[in-house]
Amino acid sequence: MSLPADPSPQLADFAHPDRLVTTDWLAEQLDAGTKDLVVLESDEDVLLYDTGHIPGSFKLDWHTDLNDPVTRDFVDGKIFAQVMSERGISRDTTVVIYGDKSNWWAAYALWVMTLFGHPDVRLLDGGRAAWQAEERPMTRDEPTAAPADYPVIERSDAPVRAFRADVLAHLGRPMVDVRSPGEFSGELLHMPDYPQEGAIRGGHIPGAKSVPWARAVREDGRFRSRAELERLYQTEQGLATDDDVIVYCRIGERSSHTWFVLSHLLGFPQVRNYDGSWTEWGNSVRVPVELGEPDE
Amino acid sequence: MSDLPPPLAELIDDFTSVGPKDRLQLLLELSEELPALPARYADQPDLLEQVHECQSPLFLAVEVTDGVVHLFFDAPREAPTTRGFAGILHTGLDGQPAVDVLAVPDDTPFKFGLAEAVSPLRMRGMVAMLSRIKRQVKEQTGG
């Protein structure tokens, strides 16, 4: 059985408030020693967890735990079951994920867990930065878990994951490019201040709207309110909740964040993340590419 | 490994004699031991060269005095992996003769068994740091 949702009023307006928890709620559960709850930290930097983390939390690394070591794909059901089991997670466990950079990687991990249909997985609103800013406890002690029984689930990609062929078939319908304006226009082939990711062509998928992912978060790293998010995606960009939407970025991590916002905070039922993203599209032969700044 | 500067060769031994999990611990220790910038660089950050290939911002400076290399690094606390890479290069190359630093093979970052522990994609930053260090040493020694 999964735990009751965090009843905090600041979450109540979201479409799926059970997908988000506040730092207060998490601290209460940890103090109370709530069972059937496992906290995971997922960061860009693989060592950040080791410098200190929320007591009792386990590391979940996107490279070494969730990506297949050979094929450009996610791990299969067998390895996923092992990754979960080692962290004491069973199918009934409520999982709360948090991380650095306003939960980029945490949202990515949540999205991958969604591919495996894990029933109850939530984000800690504000992530690691919010927890630290409130001077809540951090530790270097690594917990050990009794291995849990996690079934081998076959990944179900179709509902929330788009491949290149899906995107080609989707041209002309709503798409959101969540990269920086320079990447969208084609001026940059990578994030500002980040390494070149090896795309041969710059620009965006024709027809995509430009909404950099960070517009969905406040300065403290927490998500904007439902009303603010509706204004951004629905009023300003003209998306409708019944639209079939594909989101993408560079490798699918920043767009997982926007996928979370559209799916769980605004309640769009049909949002897919194209994790091949620009590192695939920008290298593909004869796919359409558009240059230039977004239309006003 | 006989051609590598001794402290660098020792580090490779340290890393490869333990499993991937302990390699991460060693990397964390090196990240914590990375010396802070001396005032002459801390006060004038534009003297430092940014290594754009790193996942997180990393800045470095190279000095060659009487044929001996000195290295200075700056990276945020929130980027322990990047700091750890800098720590390896600092421990392994600081105080070594310029000729020996120039002789370090470009693929040396892959000798620590870290690709397995942190993923190959993340190794690019260390490769870039080494190549920029060697380029600066070469420029300063008139090579």
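It should be emphasised that the depicted structure is a prediction, and the values quoted were computed from it without experimental measurement. Per chain, numbering begins at 1; letters A, B, ... match sequence-line order.
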**Student:** When only pairs under 4.5 Å are counted, which of D43(A), T64(A), D100(A), T51(A) shares the most heavy-atom pairs with chain B?
**Tutor:**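 If we count pairs closer than 4.5 Å to chain B, T64(A) comes out on top.
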**Student:** Side chains of Q132(A) and E78(B): does their closest heavy-atom pair fall under 4.5 Å?
**Tutor:**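 Result no, sub-4.5 Å side-chain heavy-atom pair not found.
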**Student:** So do Q25(B) and D50(A) actually touch side chain to side chain, heavy atoms under 4.5 Å?
**Tutor:**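 Answer yes - side chains close enough.
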**Student:** Do L24(B) and K59(A) come within less than 4.5 Å of each other through their side chains, counting heavy atoms only?
**Tutor:**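 Yes, close enough: below the 4.5 Å cut-off.
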**Student:** Decide yes or no for L28(B) and R140(A): does some side-chain heavy atom of the first lie under 4.5 Å from some side-chain heavy atom of the second?
**Tutor:**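 Yes, their side chains come closer than 4.5 Å.
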**Student:** Please tell me if the side chains of V46(A) and R122(B) come closer than 4.5 Å, counting only heavy atoms from C-beta onward.
**Tutor:**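 They are in contact (side-chain heavy atoms under 4.5 Å apart), so the answer is yes.
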**Student:** Is the count of non-hydrogen atoms from other residues, nucleotides or ligands lying under 6.0 Å from E32(B) atom CD greater than 12?
**Tutor:**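 More than 12 heavy atoms, drawn from other residues, nucleotides or ligands, come within 6.0 Å of this atom.
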